[in-house]
Undergrad: 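Please find one structure pasted underneath; my questions will follow.
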Amino acid sequence: MTEPFEGIEPVRYEGPQSTNPMAFRHYDKDRVVLGKRMEEHLRPAVCFWHTFCWDGFDIFGGGPFSRAWHAGSSPAEIARARRAAAFEFFSKLGTPLHCFHDIDVCEPSDTPDARAQNLAVAVDDLEHRQAETGVRLLWGTANLFSHPRYAAGELTNPDPEVTACALRQVRDCLDATHRLGGANYVLWGGREGYDTLLNTDLKTELDHFGRFLNMIVEHKHRIGFKGKILIEPKPHEPMYDQYDFDTATVFGFLKNHGLESEVHVNIEPNHATLAGHSFAHELATANALGIMGSIDINSGNYQNGWDTDQFNLDTRDITLAMYELIRAGGFDTGGFNFDAKVRRQSIDAADLFHGHIGGLDALAKALLATETLLGQDEISANSARRYAGWDSALGKILLAPGTSLGDAADLAANQGLDGRQVSGSQEYLENIIKRALD
Ligand code: XLS
Ligand code: NI
Ligand code: NI
């Protein structure tokens, strides 16, 4: 194999004035922000699938990329070259974490046994590379959506043979993630959902999903995996309706199956917008419900409404989310995984660096803006003023456990409340965000 990133030097921080496209302008990993190093706040991770596996194919045509590591003398050799290229990339970019699907890191296999064997070889190799470079695993996941057997679902498939196969894959990948010291294990229910209710028993599928998720959580405890199990909400694509629609839907499902303190969410901005939400909304909801886990950072675009998985350069949008993340305490086991890909015409290996450098700089810029916002937190101060009434005697009585609707109704003043309205100050507040980014 030719050197995958020959001629590319390790990426360094050069400061906001730099015009070097191969340098960071804001991401200075050791800079202390709000009491922690930037790298510890952001916990950036590079994913295998978009960056090292994808050859650029889309539904209209084959892959235009000919990456050095896509060729080799055998499928096993190509998989090894992919892992080698990935770790060279992580080292040159200087990111501390990575994420993979089981099938991203090994060669294709015909049977579950062959897959398990190939995965075991890959895990030995990954373990060695992690030790050598210090790069750790943010999360692993089983790809339960690409193989044709999963066309009608994974854990919710109408055929128990297929579900058993999915469970085998999850067991093997969760074990592998545990062995590699993964901080989380992700379930993205790509095909958990349906295209038409005419062939779908929705209640049965949801019951099965709950039963098998409980089984997965039991296994996590049995093997002593300390990381979090995360569900990644997405409303549709590939299915017309997916069960893990958004964070609130996932929470309802978890509650229904007694899993709300066991399973958290992996939020992705592009999935949030597909569900009709903002990125910040999904974070605020996850924080409010106590199920915040990790983030797959990317963005869609305004035109087509697909999961286009672009690198997110919208610092305003990220700042709104970062503010929600940091004021709630920041990541615990989570991190920012770049679930993002370069465009199909970006055929050079250098393009992979440009994508990640821009994405990471946008996160760093948003983190710095958040530090400014939290400095003299006018947003929280405004919010405190807005809700201050609830500390009054009336507020306390209304909220007291023994207060009935009748009691509460009797306390309503017999007068209009004209003149009590206060401004929502939205433009003032939006300008504060803008100023923090200027
Ligand atoms: C697809 C998802 C996927 C998961 C991992 O839309 O984002 O990439 O993150 O299976
Ligand atoms: Ni994702
Ligand atoms: Ni996605």
Side-chain angles (χ1 to χ4, degrees), residues 43-54 57-59 86 97-105 119 137-147 150 153-156 166 169-170 172-174 176-177 182-193 213 216 227-247 250 263-277 279 282-283 286 292-301 304-312 321 333-343 355-356 359 363:
R43 294 170 53 77
V46 174
C47 78
F48 261 80
W49 54 100
H50 290 313
T51 299
F52 307 106
C53 302
W54 187 48
F57 79 91
D58 69 8
I59 49 171
L97 293 154
H98 71 109
C99 294
F100 64 77
H101 297 93
D102 49 357
I103 66 165
D104 298 342
V105 292
L119 182 61
L137 180 61
L138 180 63
W139 52 261
T141 187
N143 177 322
L144 302 177
F145 44 90
S146 293
H147 195 284
Y150 297 124
E154 316 160 8
L155 306 177
T156 64
Q169 216 177 317
V170 170
D172 293 349
C173 192
L174 181 50
T177 301
N184 307 277
Y185 181 82
V186 165
L187 291 147
W188 170 57
R191 297 193 193 270
E192 311 291 25
L213 194 55
I216 292 166
K228 282 187 179 149
I229 304 281
L230 307 178
I231 285 191
E232 185 175 323
K234 186 174 182 181
H236 31 251
E237 197 192 307
M239 307 308 268
Y240 290 4
D241 276 272
Q242 281 168 207
Y243 296 134
D244 304 326
F245 190 93
D246 61 2
T247 297
V250 168
V263 178
H264 296 69
V265 284
N266 185 38
I267 290 172
E268 183 166 314
N270 207 160
H271 298 179
T273 50
L274 282 176
H277 299 307
F279 177 21
E282 284 292 83
L283 271 180
M292 175 52 201
S294 196
I295 295 175
D296 269 9
I297 186 70
N298 63 14
S299 74
N301 66 32
N304 65 9
W306 301 340
D307 192 17
T308 56
D309 291 330
Q310 290 167 236
F311 285 91
N312 193 331
T333 59
F336 277 106
N337 167 45
F338 288 102
D339 194 351
K341 57 182 187 248
V342 295
R343 296 304 91 187
H356 287 85
L363 292 176

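Note: hydrogens, waters and symmetry copies are ignored here, and every other heavy atom, side chains too, is used. Both ligands and their constituent atoms are indexed starting at 1 by order of listing.
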Undergrad: Just do the side-chain contact (heavy atoms from CB on, under 4.5 Å) check on D307 and N298 with the steps written out, would you?
TA: CA-CA 9 Å; D307 192 17; N298 63 14; 4.3 Å; yes
Undergrad: Can you pull the residues with any heavy atom under 4.0 Å from ligand 1?
TA: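 Within 4.0 Å of ligand 1, the protein residues are W49, H101, W139, F145, W188, E232, K234, E268, H271, D296, D307, D339.
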Undergrad: In D307, the N, O or S atom nearest to the Ni ion (ligand 3) is which?
TA: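 Closest N, O or S atom of D307 to the Ni ion (ligand 3): OD2.
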Undergrad: I'd like to know whether E192 forms a side-chain contact (heavy atoms from CB on, under 4.5 Å) with L144, so could you lay out the CA-CA distance, the side-chain angles of the two residues, the decisive distance to 0.1 Å, and finally the verdict.
TA: CA-CA 10 Å; E192 311 291 25; L144 302 177; 5.5 Å; no
Undergrad: Closer than 2.8 Å to the Ni ion (ligand 2): how many protein N, O or S atoms are there?
TA: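 Atoms of protein N, O or S type lying less than 2.8 Å from the Ni ion (ligand 2) total 4.
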Undergrad: If I take atom CG from residue L155 and atom CZ from residue R191, how far apart are they, to the nearest 0.5 angstrom?
TA: 14.0 Å
Undergrad: For H264, what residues pass the ring pair (Phe, Tyr, Trp, His ring centres under 6.0 Å) criterion, not counting sequence neighbours?
TA: none
Undergrad: Any donor and acceptor pair, going by atom type alone, linking the side chain of E268 with main-chain N or O of E232 inside 3.5 Å?
TA: no
Undergrad: State which residue, out of I216, L230, T141, fulfils the side chain to side chain contact (heavy atoms under 4.5 Å, CB included) condition with L187.
TA: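 For L187, the side chain to side chain contact (heavy atoms under 4.5 Å, CB included) check succeeds only for I216.
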Undergrad: Tell me every residue that passes side chain to side chain contact (heavy atoms under 4.5 Å, CB included) with A45, counting only those two or more places apart in sequence or in another chain.
TA: L97, C99, L138, N337
Undergrad: Tell me the closest heavy-atom pair linking F338 and P44, and the distance in Å.
TA: CE1-CB, 4.2 Å
Undergrad: List the steps, then state whether side chain to side chain donor-acceptor pair (under 3.5 Å) holds for D244 with W188.
TA: CA-CA 8 Å; D244 304 326; W188 170 57; over 6 Å; no
Undergrad: Is the H98 to F52 ring centre distance short of 6.0 Å?
TA: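 Ring centres of F52 and H98 not closer than 6.0 Å.
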